[in-house]
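We count ligands from 1, going down the list as the structure has it; atoms in each ligand are counted the same way.
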Amino acid sequence: MAHPEPRPVTVHAAQRLAGRIRVPGDKSISHRSLMLSALAVGESRVEGLLEGEDVLATAAAMRAMGATIERGGDAIWRINGVGVGGLLQPQAALDMGNSGTSTRLLMGLVASHPITATFTGDASLSGRPMKRVIDPLSAMGADITASPGGRLPLMVRGLCPAVPIEYELPVTSAQVKSAVLLAGLNTPGITRVIEPVATRDHSERMLAGFGATITVEPGARGRIISITGEAELKPQTIVVPGDPSSAAFWMVAATIVPGSDVVIENVGLNSTRAGLVTALRLMGADIEELDPRTVGGEPVADLRVRHAALSGIEVPHDLAPSMIDEYPALFVAAAFAQGRTVARGADELRVKESDRIAVMKAALEANGVVTIEHEDGLSIDGTGGDPIPGGATVASSLDHRIAMGMVVAGLHAANPIAIDDASPVATSFPTFFDLLADLGGSVTWG
Ligand code: S3P
C-alpha cells in the first residue's frame with residue numbers, strides 16, 4: 001500500500017532527549033467535539049482541537065452535511081450546528097482518508113437521518129472491516145450497501161425515524177459503541193448498548209456534556225449505556241486535552257534513550273486510555289505525574305519521563321482496551337527490555353490502520369529484534385538496554401503509529417533505521433518531527 005506522495009525518512013540515534021514538549025489534542029475527543037457541535041443548535045467553541053488529517057476529514061464531512069465550521073486566528077474552532085435531525089444530504093461522496101473513527105461514527109449519524117451518504121477512503125481504510133457497524137445500524141433500519149467483505153466504498157441510506165435497539169457489542173470497540181449511540185441521538189425511544197469490556201468513554205462523557213439524556217449502569221453482561229432520542233444538544237465550549245496516544249511515543253523514547261529527561265505537558269489520563277503508563281511502570285519505567293488537574297472534564301497531568309532500565313513482562317490482558325493504540329510503542333519499549341515481553345490478548349491489532357502485529361514483527365525483525373508472532377499479539381526478546389542493530393528500511397503500511405514507533409526505535413539503534421513513508425504521521429500528529437527536533441533528535445528526509 002503506498003501513499004500518493006511518500007515521504008521517506010532516516011532516523012539517527014540520539015545522544016539523549018531532553019526538554020518540555022506539548023502533544024496535540026486528543027484525536028478521539030477532537031472527532032467527537034466536531035460531530036456533537038455540528039448537531040447542537042448555536043455556536044460551540046473548541047480549543048486545542050487536533051488539526052490532523054483524520055480530524056479534518058470529520059470537519060469536511062460535517063460541513064458537507066450542513067454545519068458551519070471555522071478556525072479562528074486564535075486557533076479556536078467555532079462550529080454552528082444544524083440540530084439533531086438537521087443533517088443535510090451531502091452533494092458528493094464523503095472522503096474519510098485514513099480515518100476509521102470518522103467513518104464508523106459518521107455512519108452512525110447518517111443512519112438515523114433522512115439522507116444518503118457514500119463513504120470512501122484510502123487503501124488502508126478500504127481494507128478495514130465495516131460489518132461491525134453495518135450490522136447494528138442495519139438493525140436500526142439503515143440501508144447499507146458495501147463493497148465485498150463489508151468494506152469501503154459503501155453507501156448508507158438513513159431511516160428516519162430509525163428503530164431503537166439494544167445491542168451487545170460482539171467486538172471490543174469504542175467506535176462501534178459510539179456509532180450506535182450517535183444513531184440513537186435522532187432515534188425516538190431508548191437505544192441501548194451493552195459493553196462487556198469497557199472501552200474509551202469519551203462519547204458517553206461528551207454526550208452528557210452536550211445535554212443528551214444518557215445513563216451508564218453496571219449490569220450482569222457489562223456496562224449498560226442508554227441514550228434517549230430524539231435528543232436536543234446545547235452548544236458547548238470544549239477544551240481538548242493532549243492525546244495520550246501521541247504522548248506514548250515520547251514516553252517510550254525518553255525511557256529507552258540513555259540520559260533522557262523529558263516533560264510531556266497536558267497529557268490526558270482518562271483511565272480508559274492510560275494503559276500504557278501502567279504497562280511501562282510494570283516494566284520499570286520512571287514516569288512521574290506532575291500537576292494533576294482536570295481539562296475539559298478529563299483528568300490531565302504533565303508527565304516527567306526519565307531514562308530507565310526496563311524488564312520484560314507479561315502484559316496483563318485486561319490492559320488491552322485502555323492501550324489498544326499503544327502496542328506499536330509498547331513493542332518498541334519491549335525491544336530494549338531485559339528478557340522477554342509477552343503482549344497478547346490484543347487481536348484487534350490485526351484490523352487497525354495496518355495489521356499491527358505482522359507489520360511490527362517485520363519492522364523489528366528487519367532491524368535485528370527477535371520476536372514471536374501470536375494470533376493475538378507478539379512476544380519480543382529485548383536487548384537489556386543496548387541499542388538494537390537497526391540498519392533496515394521498514395514499511396509504514398499507511399499506518400501513522402508504525403511510522404512513529406519505528407522512528408522511536410531508531411533513536412537507540414546501532415545503525416540508522418529508515419521508514420519508507422512518514423507521511424501517515426500527519427493523520428494524527430502533524431508536529432511529531434518538530435517535537436523530535438526540540439528534544440534533540442535528528443532525521444534525514446528523502
Ligand atoms: C477510537 C477507538 C479505537 C481506537 C481508534 C480510536 C475512537 O478503535 O483504536 O484509534 O475514537 O473511538 P476501535 O473502536 O476499533 O477499537
Is there a donor-acceptor contact under 3.5 Å linking the side chains of R32 and S178?
yes
Which residue and atom name correspond to the protein heavy atom nearest atom 11 (O) of ligand 1, and how close is it?
S28 OG, 2.7 Å
Please verify whether a non-hydrogen atom of K352 lies at under 4.0 Å from ligand 1.
yes
Looking at ligand 1, does any of its N/O atoms fall within less than 3.5 Å of an N/O of A174?
yes
Can you find an N/O atom of S178 closer than 3.5 Å to an N/O atom of ligand 1?
no
Using the rule given for salt bridge (Lys or Arg N to Asp or Glu O under 4.0 Å), can you reason through R273 versus D325, listing the C-alpha separation, both sets of side-chain angles and the distance that settles it, and then say yes or no?
CA-CA 9 Å; R273 297 288 300 285; D325 290 338; 5.3 Å; no
Hey, is D399 close enough to K352 for a salt bridge, meaning N to O under 4.0 Å?
no
For a quick check under 3.5 Å, do T199 and K177 share a side-chain donor-acceptor pair by atom type?
yes
Rounded to the nearest 0.5 Å, what separates atom CD1 in I238 from atom CZ in F210?
3.5 Å
Would you call the rings of F429 and F432 parallel, tilted or perpendicular, taking 30° and 60° as the class edges?
perpendicular
Go through the side-chain N and O atoms of Q236 and S37 and say whether any donor and acceptor fall under 3.5 Å apart.
no
Option nearest atom 12 (O) of ligand 1 (shortest heavy-atom distance, choices H400, R32, H202):
R32
Among protein heavy atoms, which sits nearest to atom 10 (O) of ligand 1, and what does the distance come to when rounded to 0.1 Å?
D325 OD2, 2.8 Å
When you measure from atom 6 (C) of ligand 1 to every protein heavy atom, which one gives the shortest distance, and what is it?
T101 OG1, 3.4 Å
Please identify which atoms of ligand 1 are closer than 4.0 Å to at least one heavy atom of S173.
13 (P), 14 (O), 15 (O), 16 (O)
Using a heavy-atom cut-off of under 4.0 Å, does the side chain or the backbone of H31 touch ligand 1, or both, or neither?
neither
